[in-house]
Amino acid sequence: MTYAVKELFLTLQGEGVQSGSRAVFLRFAGCNLWSGREQDRAAAQCTFCDTDFVGTDGPGGGKFAGAEALADAVESEWGQGEEDRLVVITGGEPMLQLDSDLVEALHERGFRVAIETNGTLPVAADLDWVCVSPKAGTQVVQRSGDELKLVWPQPGIDPGELESWDFAHFLVQPMDCAQREAAIEAAVTLAMARPKWKLSLQSHKLLGLP
Ligand code: SF4
């Protein structure tokens, strides 16, 4: 299989429970909830995306001819050091491309494999960390994992309904939008009202990391 990768880079995980962890980010091109073109945003299923996932022209991006080649590139980004290797696979929607061959090739190189997905496609079974970020109006089929990350506010989503899903951690994260202060206030209000939810901030943006 040929994988289309928007970008591949070493950074610190900025969000969620693993925030602050050194990680290689592998951003696959393409999403099933938006084309990535601004002219399509208003009619898309997901309208608040803050990520460029179109094409393969980002740092470290490109077309990779197979799982071994892509896993080699991830390992090269990590550099020296065998311990605590972590790769975060994101997008776009990573489950459009991620398969067991790639997970296996990354495991062979000593990586823990984490995914950040919108949950509309079932995830591969052999992942080490599953983060699902549900989008209003979509059918979320992946209702279990390690981390449920709710970008907030989202009209049409009831946090109380999500609390029955099978996740170890429930995180609420202010939407990065023009009404940023109102979004922060709404996220804080939710975390204060429902203690199951913890506040998650996008620390990489505060720090100027990619
Ligand atoms: S599902 Fe994620 S990657 Fe796709 S458009 Fe929405 S925020 Fe962006």
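Heavy atoms only: backbone and side chains are in, while hydrogens, waters and symmetry mates are out. Keep in mind that what you see is a predicted model, and the values were worked out from it rather than measured.
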Next on the checklist: Any donor-acceptor pair under 3.5 Å linking the side-chain atoms of Lys198 with those of Ser200?
Outcome noted: no
Checklist entry - Sub-3.5 Å donor-acceptor pair from the side chain of Glu93 to the main-chain atoms of Leu121, do we have one? => result no
Checklist entry - Quick one: do Glu68 and Arg109 make a salt bridge, cutoff under 4.0 Å? => result yes
Checklist entry - Closest heavy-atom contact between Asp128 and Asp146? => result O-OD2, 3.9 Å
Checklist entry - What do you reckon, is CD of Glu181 surrounded by more than 12 foreign heavy atoms closer than 6.0 Å? => result no
Next on the checklist: For a quick test of reading the model, state the closest non-hydrogen atom pair linking Arg41 to Phe48 and the distance between them.
Outcome noted: NH1-C, 3.7 Å
Checklist entry - Any sub-3.5 Å donor-acceptor pair from Ser133's side-chain atoms to Lys149's backbone N or O? => result yes
Next on the checklist: Regarding Asp84 and Arg112, does a basic nitrogen lie under 4.0 Å from an acidic carboxylate oxygen?
Outcome noted: no
Item to check | Derivation and outcome, side-chain contact (heavy atoms from CB on, under 4.5 Å), residues Val74 and Leu106 | outcome: CA-CA 8 Å; Val74 170; Leu106 291 164; 3.9 Å; yes
Checklist entry - If we only count heavy atoms from C-beta on, is the Leu171 to Leu199 side-chain gap below 4.5 Å? => result no
Checklist entry - So with a 6.0 Å cut-off around CZ of Arg180, is the heavy-atom count from everything else above 12? => result no
Item to check | Which atom of Tyr3 lies closest to which atom of Asp99, heavy atoms considered | outcome: OH-OD1, 2.8 Å
Checklist outcome for this item: Heavy-atom closest pair (Leu86 atom, Ala114 atom, distance to 0.1 Å) is CD1-CB, 4.2 Å
Checklist entry - Do Ser144 and Asp166 have side-chain atoms, one donor and one acceptor, less than 3.5 Å apart? => result no
Checklist entry - In terms of hydrophobic clustering (I, L, V, M, F, W, Y; side-chain heavy atoms under 4.5 Å; direct or indirect links), are Leu8 and Ile89 co-clustered? => result yes
Checklist entry - Between Asp52 and Arg27, is there a side-chain N and carboxylate O pair less than 4.0 Å apart? => result no
Next on the checklist: Can you confirm whether the side chains of Gln202 and Glu15 place a donor and an acceptor under 3.5 Å from each other?
Outcome noted: yes
Checklist entry - Does a donor on one side chain and an acceptor on the other come within less than 3.5 Å for Asn118 and Thr138? => result no
Checklist entry - Where do Pro94 and Ile115 come nearest, in terms of heavy atoms and distance? => result CG-CG1, 3.6 Å
Item to check | Parallel, tilted or perpendicular: ring planes of Phe111 versus Trp78, cut at 30 and 60 degrees | outcome: perpendicular
Next on the checklist: Restricting to ring pair (Phe, Tyr, Trp, His ring centres under 6.0 Å), what partner residues turn up for Phe64, sequence neighbours left out?
Outcome noted: none
Item to check | Candidate pair Phe53 and Trp34, rule ring pair (Phe, Tyr, Trp, His ring centres under 6.0 Å), full reasoning | outcome: CA-CA 10 Å; Phe53 54 77; Trp34 179 39; 5.7 Å; yes
Item to check | Heavy atoms from other residues, nucleotides or ligands near NZ of Lys63 exceed 12 (cutoff 6.0 Å) | outcome: no
Item to check | Any pair counted as side-chain hydrogen bond (donor to acceptor under 3.5 Å, both in side chains), so long as it reaches residues 183-196, sequence neighbours left out | outcome: Glu163-Arg194
